[in-house]
Amino acid sequence: MANKANKAYKFRLYPTAQQEQLLAKTFGCVRFVYNKMLAERKETYEQFKDDQDVLKKQKLPTPAKYKSEHPWLKEVDSLALANAQLHLQKAYQNFFSRRAEFPKFKSRKAKQSYTTNVVNGNIMLLDGYIKLPKLKLVKMKQHREIPSHQVIKSCTVSRTKTGKYYISILTEYEHQPVPKEVQAVVGLDFSMNGLFVDSEEGKTANSPHFYRRALEKLAKEQRILSRRKKGSSRWHKQRLNIAKLHERIANGRKDFLHKESHRLAKRYDCVVIEDLNMKGMSQALHFGKSVADNAWGMFTTFLQYKFEEQGKRLIKIDKWFPSSKTCSCCGQVKESLSLSERTFHCDCGFVADRDWNASINIKREGLRLLA
């Protein structure tokens with residue numbers, strides 16, 4: 001029996017000036033409705049926070065409730081407002097299940113986006129355009145085709161800090177991946193310097209460290225911004241320059257991670273990694289910038305879906321597994337190993353790079369779990 005799977009496609013939008021105005025209005029209305037509903041829920045929470053059962057049974061107010069008082073809400077896509085309600089509902093569920101903190105109010109400075117759903121052919125892909133509710137035809141740069149067997153379920157329109165518009169099209173399709181016979185296996189050990197070290201040849205991914213390389217230029221641009229009068233035209237122009245630089249860093253990093261994960265998915269049937277707590281590592285070891293620049297979490301997410309699509313395996317071993325302290329030659333486990341020791345020395349005479357030794361142990365542990 002085939003499973004239902006989802007896949008998203010992201011494209012650049014080129015709205016007209018009139019469509020930009022409506023998009024700005026929609027972003028604002030979605031934020032307004034979300035904050036209104038949250039304010040009501042927060043008031044109820046403060047009143048009944050000791051009685052969890054009452055809170056869980058409490059129904060969210062609907063966007064329709066505010067339309068009579070605020071008629072301008074009728075000017076935007078009603079499905080976008082309905083999705084704001086669903087997003088708040090999900091945020092509350094995550095809070096009650098202790099997966100997240102209490103929902104926060106949305107700020108104007110936060111990411112500007114809204115989600116709409118397909119109902120009675122209101123969203124359609126046409127030649128170089130996409131038909132969206134209220135906006136009608138919006139020009140789009142479709143750089144790749146969406147397969148005909150994939151059905152469009154929803155669309156998320158977003159605006160970046162640099163004023164670019166994007167649309168993320170979520171599709172659903174029947175997917176039954178044929179499990180591949182595991183032959184080529186590789187172990188990857190997280191490396192602060194080069195993203196990872198593989199178990200085959202001890203090679204690193206040689207991450208370009210996009211943020212580190214741009215630090216000097218970023219500091220210079222931010223110094224210029226600090227001398228501008230806040231709110232002036234020159235201040236806005238300089239703020240845009242900094243936003244463009246940050247966008248270039250993020251895009252370069254994402255492109256590199258996509259290419260690396262694609263290379264691994266093409267070459268290997270199974271990849272073994274450690275299930276690391278990157279947030280804890282960045283805080284405890286004061287490696288915040290280096291950890292964020294590598295974006296290990298994003299890399300593992302890319303690996304996960306690329307391998308699943310092909311019926312291949314991604315194995316995550318326990319983060320407490322002593323991969324760095326274990327000798328990959330004789331199996332002896334060291335009592336202690338400081339971070340400054342970059343070369344692994346064992347009493348049996350085995351000497352190797354610390355990360356390469358760890359990646360071999362990670363691969364072996366993955367093969368044991370696989371068996």
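Just the heavy atoms: all of them, side chains too, but no hydrogens, waters or symmetry mates, feed the values below. Quantities reported herein were computed from a predicted structural model and do not represent experimental measurements.
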Asks: Which atoms form the tightest heavy-atom contact between G121 and K131, and what is the distance?
Replies: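 So the two residues come closest at O-NZ, 3.5 Å.
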Asks: Supply the atom-to-atom distance T162 OG1 to N241 CG, rounded to the nearest 0.5 angstrom.
Replies: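 Answer for the OG1-CG pair, T162 versus N241, is 11.0 Å.
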Asks: Indicate the atoms forming the closest heavy-atom contact of L303 with L188, along with that distance.
Replies: CD1-CD1, 4.4 Å
Asks: Please lay out, stage by stage, how K153 and E172 fare under the test side-chain contact (heavy atoms from CB on, under 4.5 Å).
Replies: CA-CA 7 Å; K153 302 298 287 182; E172 188 180 74; 3.6 Å; yes
Asks: Determine the minimum heavy-atom distance between S328 and I360, stating which atoms define it.
Replies: CB-CG2, 3.7 Å
Asks: What pairs meet the salt bridge (Lys or Arg N to Asp or Glu O under 4.0 Å) rule with one or both residues in residues 299-317, with sequence neighbours excluded?
Replies: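 Checked against salt bridge (Lys or Arg N to Asp or Glu O under 4.0 Å) - neighbours excluded - the pairs reaching residues 299-317 are K7-E309.
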Asks: Go through the steps for D269 and V185 under the test side-chain contact (heavy atoms from CB on, under 4.5 Å), then give the verdict.
Replies: CA-CA 6 Å; D269 304 315; V185 182; 6.0 Å; no
Asks: So does K67 have more than 12 non-hydrogen atoms from other groups sitting under 6.0 Å from NZ?
Replies: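 Check passes, neighbour count above 12.
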Asks: What is the distance from atom CG of D189 to atom OG of S199, rounded to the nearest 0.5 Å?
Replies: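 Nearest 0.5 Å value for the CG-OG distance: 10.0 Å.
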Asks: Under the side-chain contact (heavy atoms from CB on, under 4.5 Å) test, which residues partner K325, sequence neighbours left out?
Replies: P322, V333, K334, L337
Asks: Does anything in residues 153-173 form a ring pair (Phe, Tyr, Trp, His ring centres under 6.0 Å)? List the pairs, not counting sequence neighbours.
Replies: H149-Y173, Y173-H175
Asks: Tell me if a side-chain donor or acceptor on Q142 pairs with a main-chain N or O of L126 at a distance below 3.5 Å.
Replies: no
Asks: Once side-chain contact (heavy atoms from CB on, under 4.5 Å) is applied, do any residues pair with Q112, and if so which ones, sequence neighbours excluded?
Replies: F27, R159
Asks: Enumerate the residue pairs fulfilling ring pair (Phe, Tyr, Trp, His ring centres under 6.0 Å) with a member in residues 292-335, sequence neighbours excluded, ordered by first and then second residue.
Replies: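 Every pair satisfying ring pair (Phe, Tyr, Trp, His ring centres under 6.0 Å) with a residue in residues 292-335: F190-W296, F196-F299, H258-F302, W296-F299.
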Asks: Identify the heavy atoms of I169 and C155 that sit nearest to each other, and give their distance.
Replies: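 In this case the closest contact between I169 and C155 is CG1-SG, 4.0 Å.
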Asks: Using the rule given for side-chain contact (heavy atoms from CB on, under 4.5 Å), can you reason through M298 versus K254, listing the C-alpha separation, both sets of side-chain angles and the distance that settles it, and then say yes or no?
Replies: CA-CA 8 Å; M298 188 187 289; K254 195 177 283 186; 4.2 Å; yes
Asks: Heavy atoms only: give me the nearest R267-A184 pair and the separation to one decimal.
Replies: O-CB, 3.9 Å
Asks: Go through the structure and list residues passing side-chain hydrogen bond (donor to acceptor under 3.5 Å, both in side chains) with E260, not counting sequence neighbours.
Replies: R263
Asks: Can you tell me which residue among K220, E216, Q222 is in a side chain to side chain contact (heavy atoms under 4.5 Å, CB included) with L218?
Replies: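 The residue from K220, E216, Q222 that satisfies side chain to side chain contact (heavy atoms under 4.5 Å, CB included) with L218 turns out to be Q222.
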Asks: Please enumerate all residues that pass side-chain hydrogen bond (donor to acceptor under 3.5 Å, both in side chains) together with N120, with sequence neighbours excluded.
Replies: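 For N120, no residue satisfies side-chain hydrogen bond (donor to acceptor under 3.5 Å, both in side chains) once neighbours in sequence are set aside.
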Asks: Could you go step by step and tell me if I315 and I273 meet the side-chain contact (heavy atoms from CB on, under 4.5 Å) rule?
Replies: CA-CA 6 Å; I315 297 173; I273 59 172; over 6 Å; no
Asks: Give a yes/no verdict on a cation-pi contact between K106 and Y34, requiring under 6.0 Å between NZ or CZ and the six-membered ring centre and an angle within 45° of the axis.
Replies: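 Judged by the rule (NZ or CZ under 6.0 Å from the ring centre, within 45° of its axis), K106 counts as positioned above Y34.
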Asks: Would you check if T343 and V351 make a side-chain contact, meaning some heavy-atom pair closer than 4.5 Å?
Replies: yes
Asks: Is the shortest side-chain N to carboxylate O distance from D353 to R342 below 4.0 Å?
Replies: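 Here D353 does not pair with R342 in a salt bridge, since their nearest N and O are not under 4.0 Å apart.
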Asks: Using the test side-chain hydrogen bond (donor to acceptor under 3.5 Å, both in side chains), find all partners of N206 that sit at least two apart in sequence or belong to another chain.
Replies: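 In terms of side-chain hydrogen bond (donor to acceptor under 3.5 Å, both in side chains), with neighbours along the sequence ignored, N206 is linked to T204.
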Asks: So does E201 get a backbone contact from the side chain of D198, meaning a donor-acceptor N/O pair under 3.5 Å?
Replies: yes
Asks: Any idea which heavy atoms bring N122 and P133 closest together, and the distance?
Replies: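 Closest approach of N122 to P133: ND2-CG, 3.5 Å.
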Asks: Is the terminal nitrogen or CZ of R41 (NZ for Lys, CZ for Arg) located under 6.0 angstrom from the six-membered ring centre of Y92 and within 45° of that ring's axis?
Replies: yes
Asks: Is the side chain of Q85 donor-acceptor paired with the backbone N or O of T62 at a distance under 3.5 Å, no angle test?
Replies: no
Asks: E20: which residues meet the side-chain hydrogen bond (donor to acceptor under 3.5 Å, both in side chains) condition with it, sequence neighbours left out?
Replies: none
Asks: Please list all pairs passing the side-chain hydrogen bond (donor to acceptor under 3.5 Å, both in side chains) test where one or both residues lie in residues 360-371, with sequence neighbours left out.
Replies: E200-K363, E365-R368
Asks: Measure the spacing between CG of N193 and CG of D355 and express it to the nearest 0.5 Å.
Replies: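 Between N193 CG and D355 CG, I get 8.0 Å after rounding to 0.5 Å.
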Asks: Enumerate the salt bridge (Lys or Arg N to Asp or Glu O under 4.0 Å) contacts for residues 232-251, please, sequence neighbours excluded, ordered by first and then second residue.
Replies: K164-E247
Asks: Between E341 and R354, is there a salt bridge with N-O shorter than 4.0 Å?
Replies: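 No, no charged N to carboxylate O under 4.0 Å.
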Asks: How would you list all residue pairs meeting salt bridge (Lys or Arg N to Asp or Glu O under 4.0 Å) that involve residues 107-122, not counting sequence neighbours?
Replies: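 Those involving residues 107-122 do not exist here.
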